[in-house]
Amino acid sequence: MAGLRGRRQKAVRVCFGAAMVVCGIAAGTGMPSGAAQAQVPARIGTCVATTIARIGTRFSGRLVKPQRDGLGEGTSVDLKNGVYGISYAYVEAVARSRVGDRAITCLVALPKGCPKGDDRGKMYTTTNLRTLDSWTLPDSQHMCGGA
């Protein structure tokens with residue numbers, strides 16, 4: 001990283017339950033200096049820098065808090081690197097995010113015993129670097145081998 005030598009780098013701590021990832025922030029970029037960018041994490045424990053591309057529900061492009069009855073359309077979030085997260089529940093941390101926010105997403109679990117070619121059910125923990133809110137969501141409404 002030419003131009004950054006000799007400059008002091010800040011560190012940000014992003015916590016995921018019991019695990020903690022510490023990434024150096026490249027001066028002036030706001031993105032982790034040690035994380036790959038615009039890739040989908042392939043191994044458990046790997047993280048990449050990305051941005052939030054879309055926020056919505058399972059059925060529409062606008063995420064709204066459920067009414068008093070608690071019934072809602074769930075939550076969905078697309079990241080620019082191709083990671084997709086979905087939930088039947090309303091996820092407040094996603095709702096506080098904005099399209100264009102920088103984020104770090106980490107692969108935290110892979111499904112096991114899946115039929116050949118069915119790789120649904122990967123779990124990703126994503127942290128919004130603006131709000132410092134984190135969420136963990138699967139990449140599909142159903143696990144591999146399911147509906």
Side-chain angles (χ1 to χ4, degrees), residues 1 9-147:
M1 289 182 145
Q9 292 184 349
K10 296 178 187 176
V12 63
R13 291 181 186 203
V14 184
C15 301
F16 308 116
M20 181 179 289
V21 177
V22 179
C23 299
I25 300 297
T29 68
M31 296 304 277
S33 60
Q37 292 189 35
Q39 298 175 11
V40 175
R43 290 185 334 262
I44 293 175
T46 59
C47 301
V48 297
T50 188
T51 57
I52 297 173
R54 190 193 68 79
I55 297 169
T57 70
R58 294 182 309 122
F59 307 113
S60 70
R62 185 166 168 253
L63 181 59
V64 291
K65 193 169 191 169
Q67 299 299 320
R68 287 182 226 172
D69 61 10
L71 299 176
E73 295 184 350
T75 301
S76 68
V77 60
D78 287 293
L79 303 179
K80 191 172 183 178
N81 67 338
V83 169
Y84 176 72
I86 190 158
S87 175
Y88 282 97
Y90 174 79
V91 180
E92 186 68 40
V94 174
R96 283 192 291 268
S97 297
R98 298 180 193 147
V99 170
D101 280 352
R102 293 179 179 139
I104 295 174
T105 191
C106 304
L107 180 63
V108 296
L110 290 170
K112 295 179 182 175
C114 299
K116 187 175 182 174
D118 188 353
D119 64 351
R120 296 175 294 167
K122 293 185 278 303
M123 297 287 288
Y124 296 93
T125 295
T126 303
T127 298
N128 180 316
L129 294 177
R130 179 182 61 83
T131 65
L132 297 182
D133 287 330
S134 295
W135 58 86
T136 300
L137 295 174
D139 66 351
S140 175
Q141 294 180 65
H142 303 281
M143 300 302 280
C144 65

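Residues: numbered from 1 along the sequence shown.
Taking Arg98 as the reference, Asp101, Arg130 meet the side chain to side chain contact (heavy atoms under 4.5 Å, CB included) condition, with sequence neighbours excluded. Every side chain to side chain donor-acceptor pair (under 3.5 Å) that Ser97 has, sequence neighbours left out, goes to Asn128. For the salt bridge (Lys or Arg N to Asp or Glu O under 4.0 Å) test, residues two or more places apart in sequence or in another chain that qualify with Arg96 are Glu92, Asp133. Residues satisfying the side chain to side chain contact (heavy atoms under 4.5 Å, CB included) test with Pro41, not counting sequence neighbours, are Thr46, Val48, Asn81, Val83, Thr105, Leu107, Tyr124.
Put simply, the side chain of Thr51 does not reach to within 4.5 Å of the side chain of Leu79, judged on heavy atoms. Taking the side chain as every heavy atom from C-beta outward, Val91 and Leu137 approach each other to under 4.5 Å. For the pair Pro111/Lys122, a side-chain contact is recorded, criterion being any heavy-atom separation below 4.5 Å from C-beta on.
A distance of 12.5 Å separates OG1 of Thr75 from OH of Tyr88, quoted to the nearest 0.5 Å. Taking SG from Cys106 and CD1 from Ile44, the interatomic distance works out to 12.0 Å, rounded to the nearest 0.5 Å. In this structure, CZ in Arg43 is found 11.0 Å from CG in Leu110, a value given to the nearest 0.5 Å.
At distances below 3.5 Å, at least one donor-acceptor pair connects side-chain atoms of Asp139 with backbone N or O atoms of Gly121. Counting only distance, with no hydrogens or angles, the side chain of Asp78 and the backbone of Arg54 share no donor-acceptor pair below 3.5 Å. Not a single donor-acceptor pair under 3.5 Å links the side chain of Thr125 to the backbone N or O of Thr136.
Taking all atoms of both residues into account, the shortest heavy-atom contact from Ser140 to Ile86 is C-CG2, 3.4 Å. A pairwise comparison of heavy atoms in Lys80 and Ala53 identifies N-CB, 3.9 Å as the closest pair.
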